[in-house]
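Notes for the one structure printed next.
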Amino acid sequence: MNNQQFANWQTTVLGIFLAILVSIAFNSFIIINPGQAGVISILGKARDGALLEGIHLKPPFISVIDVYDLTVQKFEVPAESSTKDLQNLSARFAINFRLDPTQVVEVRRKQGTLANIVSKIIAPQTQEAFKIAAARRTVEEAITKRSELKEDFDNALGDRLDKYGIIVLDTSVVDLTFSPEFARAVEEKQIAEQRAQRAVYVAREAEQEAQAEVNRAKGKAEAQRLLAETLKAQGGQLVLQKEAIEAWKAGGAQMPNVLVMGNDAKNSVPFIFNLGNTQSQP
């Protein structure tokens, strides 16, 4: 009976020992996946040197591994500022960034979690960078030269976040709004510009119409001058004869017309005699 109890005790101790060994074995290494970096803390102190992808040994039970995502992160951050002409300008930026793997340990020591990085670092620095970019131009320039505003914002934000181990990959202006007062001013300006353009168009149209009338008058006067010179010149009687014949051909009299020519056919003007006139007489 004693031998049986001793054997059971040995089995129990052996099982506990094996369980401890398995637990120690599983807590003695960690696997870091691609796109991740780990920071090992031993007895509450972060150790220098980030753990990159692969398998790493660590002291069991007395160490903690904080794993950070190194892939591209995206957060939308609001910002507000005054422009060069003292107008309120609000914006919303989509920030694409990732953590610098060589500075993950410092990020762990100073900022902690990714949520802290966004709320305590990225959000306030976005606000400051937007103030720098917006203060360089008027609100109208910020709207019409949006790409330049974004470029200044990117440069300012990149310089500010680089010292925190945050690499800015890209930013996008999701929304850009201004005060209602400025919106009304822009609308009134557009209406005034449209009215001015309409007035210019009407003036040019009137000028063109007046010029066309002048050209028509000049053409008519020139035609009359040429006709007068033709009649004065030798052969003018022939022109009159030709016009008389054409008038006779185009006449709408009901009775036949008779074309009477003088003895001197070359120099006399033909006379159109309407027989209807003779019949109407008593």
Side-chain angles (χ1 to χ4, degrees), residues 23-83 88-136 142 148-176:
S23 179
I24 292 174
F26 276 105
N27 283 276
S28 297
F29 68 92
I30 186 173
I31 298 175
I32 303 297
N33 297 317
Q36 294 180 335
V39 178
I40 182 172
S41 299
I42 301 175
L43 296 175
K45 182 179 180 180
R47 192 174 69 179
D48 295 336
L51 304 180
L52 302 180
E53 60 182 85
I55 186 170
H56 301 272
L57 297 176
K58 67 183 185 69
F61 306 116
I62 61 172
S63 61
V64 177
I65 306 296
D66 295 298
V67 179
Y68 287 86
D69 191 349
L70 298 181
T71 59
V72 178
Q73 306 291 322
K74 178 183 177 181
F75 287 91
E76 291 190 8
V77 182
E80 186 175 350
S81 177
S82 296
T83 58
N88 292 328
L89 187 64
S90 300
R92 191 171 188 86
F93 292 93
I95 313 295
N96 293 331
F97 69 94
R98 65 180 179 86
L99 299 179
D100 187 350
T102 62
Q103 299 188 45
V104 171
V105 177
E106 290 300 317
V107 171
R108 173 64 184 85
R109 288 171 175 168
K110 296 179 179 180
Q111 283 82 47
T113 63
L114 184 61
N116 287 341
I117 294 173
V118 174
S119 62
K120 296 181 179 180
I121 303 299
I122 296 180
Q125 295 303 331
T126 297
Q127 179 71 38
E128 292 301 319
F130 181 59
K131 288 181 179 180
I132 294 174
R136 294 178 179 176
E148 297 180 5
L149 175 70
K150 179 181 177 299
E151 183 179 357
D152 290 344
F153 172 78
D154 289 348
N155 294 333
L157 184 63
D159 294 339
R160 287 174 167 270
L161 294 184
D162 183 64
K163 60 184 178 181
Y164 294 101
I166 303 171
I167 301 174
V168 178
L169 302 177
D170 189 25
T171 64
S172 301
V173 183
V174 179
D175 189 19
L176 192 64

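Please read these numbers as outputs of a predicted model, since none were measured by experiment.
By the 4.5 Å heavy-atom criterion applied to side chains, N96 and Q73 are not counted as neighbours. Residues I62 and I42 meet the side-chain proximity criterion, which asks for heavy atoms closer than 4.5 Å. Side-chain contact between D100 and I166 is absent, with no heavy atoms from C-beta onward closer than 4.5 Å. Looking at I65 and V39, their side chains never come closer than 4.5 Å, going by heavy atoms from C-beta outward. Inter-residue side-chain proximity for F153 and T171 is flagged as met; some heavy-atom pair is nearer than 4.5 Å. Between D152 and I132 there is no side-chain heavy-atom pair separated by less than 4.5 Å. Side-chain contact between Y164 and Q125 is present, with heavy atoms from C-beta onward closer than 4.5 Å. Considering only heavy atoms from C-beta on, I122 comes within 4.5 Å of F97 through its side chain.
Contact check on D48 versus R109 returns a salt bridge, with a Lys/Arg side-chain nitrogen under 4.0 Å from an Asp/Glu carboxylate oxygen.
The two residues L157 and A129 have their closest heavy-atom pair at N-CB, 3.7 Å. Closest of all the heavy-atom pairs between S41 and D66 is OG-OD2, 4.2 Å. Here the closest heavy-atom approach between residue P59 and residue I40 is recorded as CD-CD1, 4.0 Å. Scanning all heavy atoms of the two residues, the minimum distance from T113 to Y68 falls at N-OH, 4.4 Å. Contact record, L99 with L70: O-CD2, 3.7 Å, taken as the closest heavy-atom pair. When every heavy atom of V105 is checked against every heavy atom of A50, the shortest pair comes out as CG2-N, 3.9 Å.
Shown here is K120, whose NZ atom has no more than 12 heavy atoms of other residues, nucleotides or ligands within 6.0 Å.
I121 CD1 to L114 CG: the interatomic distance, rounded to the nearest 0.5 Å, is 12.0 Å. In this structure, NZ in K58 is found 9.0 Å from CZ in F29, a value given to the nearest 0.5 Å. The structure places CD of Q111 at 9.5 Å from CD of Q103, a figure rounded to the nearest 0.5 Å. To the nearest 0.5 Å, atom CD1 of residue I31 and atom CG of residue L51 are 12.5 Å apart. Summarising the geometry, atom OG belonging to S81 is positioned 9.0 Å from atom CD belonging to E128; distances are rounded to the nearest 0.5 Å. Once rounded to the nearest 0.5 Å, the distance linking CD of E76 with OG of S172 reads 9.5 Å.
Under a 3.5 Å cut-off, the side chain of Q127 and the backbone N or O of E80 do form a donor-acceptor pair. Between the Q36 side chain and the N33 main chain, a donor and an acceptor come within less than 3.5 Å of each other.
Partner of I32 under the side chain to side chain contact (heavy atoms under 4.5 Å, CB included) criterion, out of V67, I55, L52: V67 alone. Each of L149, D154, N155 was scored for a side chain to side chain contact (heavy atoms under 4.5 Å, CB included) with E151, with one residue passing: N155. Each of R98, K150, K74 was checked for a salt bridge (Lys or Arg N to Asp or Glu O under 4.0 Å) with D170, and the lone residue meeting it is K150.
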